[in-house]
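Both counts, for ligands and for their atoms, begin at 1 and track the order of listing. Count residues from 1 along the sequence.
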Amino acid sequence: PIPNHIAVIMDGNGRWAKQKGAMRIFGHQNAIKAVRDVTEGCAEIGVKYLTLYAFSTENWNRPKLEVNALMQLLISTIRKETETLTKNEIKLETIGNTCDLPEKCQQELKEAMDLTKDNKRMTLILALSYSGKSEILQATKRIAEKVKNNVIQPEDITIETIGNHL
Ligand code: IPE
Ligand code: MG
């Protein structure tokens, strides 16, 4: 059986580069190859959703140089890979507070999502400026708003309600 949804927490890029006597960013650059392999592999075997935890809210605390390099890498990678995504019928989506990302990054993402929105084979979800806690916070606010407006009653809130508001 093929999983419907696979999520990958990327880690160890910096350590991998350090072992090779290179800068951390060298690890991030090389990780793109792994991302490409995993994405194409998943699409090929029939996985429907692939989530890549690419940049967490905590990652903003890294040195500015590394954060900037990661943003640059994100911009250039999206631009380069959109064509391959289309060829492989992969739709691009994001989760997280993408409004925190540099304007240029948001633009590239928007363009790539627009161009790939009708692709049906697999959905690639990039978690960017993402945190599980902030996702729960946002869902809670949305549900609280509905309770306030009498759209739902507190006793009717189920696990599904929470899931639907994530
Ligand atoms: C994962 O690798 C990539 C990102 C979080 C952007 P790390 O950058 O966490 O590399 P290590 O874990 O420090 O080696
Ligand atoms: Mg790490």
Once side-chain contact (heavy atoms from CB on, under 4.5 Å) is applied, do any residues pair with Lys87, and if so which ones, sequence neighbours excluded? none
Are Ile125 and Leu101 connected into the same hydrophobic cluster when the rule is that any two of I, L, V, M, F, W, Y join if their side-chain heavy atoms are below 4.5 Å apart? no
With a cut-off of 3.5 Å and sequence neighbours excluded, list every side-chain donor-acceptor pair involving residues 17-24.
{"unit_1": "Arg24", "atom_1": "NE", "unit_2": "Glu66", "atom_2": "OE1", "d": "3.0"}
{"unit_1": "Arg24", "atom_1": "NE", "unit_2": "Glu66", "atom_2": "OE2", "d": "3.2"}
{"unit_1": "Arg24", "atom_1": "NH2", "unit_2": "Glu66", "atom_2": "OE2", "d": "3.3"}

Report yes or no: does Asn30 contribute a side-chain atom to a donor-acceptor pair with the main-chain N or O of Phe26 at less than 3.5 Å? yes
For Glu89, is there any backbone N or O sitting under 3.5 Å from a side-chain donor or acceptor partner on Asn119? no
Anything under 3.5 Å between an N or O on ligand 1 and a protein N or O? List each pair with its distance, or write none.
{"unit_1": "ligand 1", "atom_1": "2 (O)", "unit_2": "Gly12", "atom_2": "N", "d": "3.4"}
{"unit_1": "ligand 1", "atom_1": "2 (O)", "unit_2": "Asn13", "atom_2": "N", "d": "3.2"}
{"unit_1": "ligand 1", "atom_1": "8 (O)", "unit_2": "Arg24", "atom_2": "NH2", "d": "3.0"}
{"unit_1": "ligand 1", "atom_1": "8 (O)", "unit_2": "Arg62", "atom_2": "NH1", "d": "2.6"}
{"unit_1": "ligand 1", "atom_1": "8 (O)", "unit_2": "Arg62", "atom_2": "NH2", "d": "3.4"}
{"unit_1": "ligand 1", "atom_1": "9 (O)", "unit_2": "Asp11", "atom_2": "OD1", "d": "3.1"}
{"unit_1": "ligand 1", "atom_1": "9 (O)", "unit_2": "Arg62", "atom_2": "NH2", "d": "3.0"}
{"unit_1": "ligand 1", "atom_1": "10 (O)", "unit_2": "Gly12", "atom_2": "N", "d": "3.4"}
{"unit_1": "ligand 1", "atom_1": "10 (O)", "unit_2": "Asn13", "atom_2": "N", "d": "3.1"}
{"unit_1": "ligand 1", "atom_1": "10 (O)", "unit_2": "Gly14", "atom_2": "N", "d": "3.0"}
{"unit_1": "ligand 1", "atom_1": "12 (O)", "unit_2": "Asp11", "atom_2": "OD1", "d": "2.7"}
{"unit_1": "ligand 1", "atom_1": "12 (O)", "unit_2": "Gly12", "atom_2": "N", "d": "3.1"}
{"unit_1": "ligand 1", "atom_1": "12 (O)", "unit_2": "Arg15", "atom_2": "NE", "d": "3.3"}
{"unit_1": "ligand 1", "atom_1": "12 (O)", "unit_2": "Arg15", "atom_2": "NH2", "d": "2.6"}
{"unit_1": "ligand 1", "atom_1": "13 (O)", "unit_2": "Arg24", "atom_2": "NH1", "d": "3.1"}
{"unit_1": "ligand 1", "atom_1": "13 (O)", "unit_2": "Arg24", "atom_2": "NH2", "d": "3.0"}
{"unit_1": "ligand 1", "atom_1": "14 (O)", "unit_2": "Gly14", "atom_2": "N", "d": "3.2"}
{"unit_1": "ligand 1", "atom_1": "14 (O)", "unit_2": "Arg15", "atom_2": "N", "d": "2.7"}
{"unit_1": "ligand 1", "atom_1": "14 (O)", "unit_2": "Arg15", "atom_2": "NE", "d": "2.9"}

Output the atom name for the N/O/S atom of Asp11 with the smallest distance to the Mg ion (ligand 2). OD1
For Ser131, enumerate each residue passing the side chain to side chain donor-acceptor pair (under 3.5 Å) test, keeping only those at least two apart in sequence or located in another chain. none
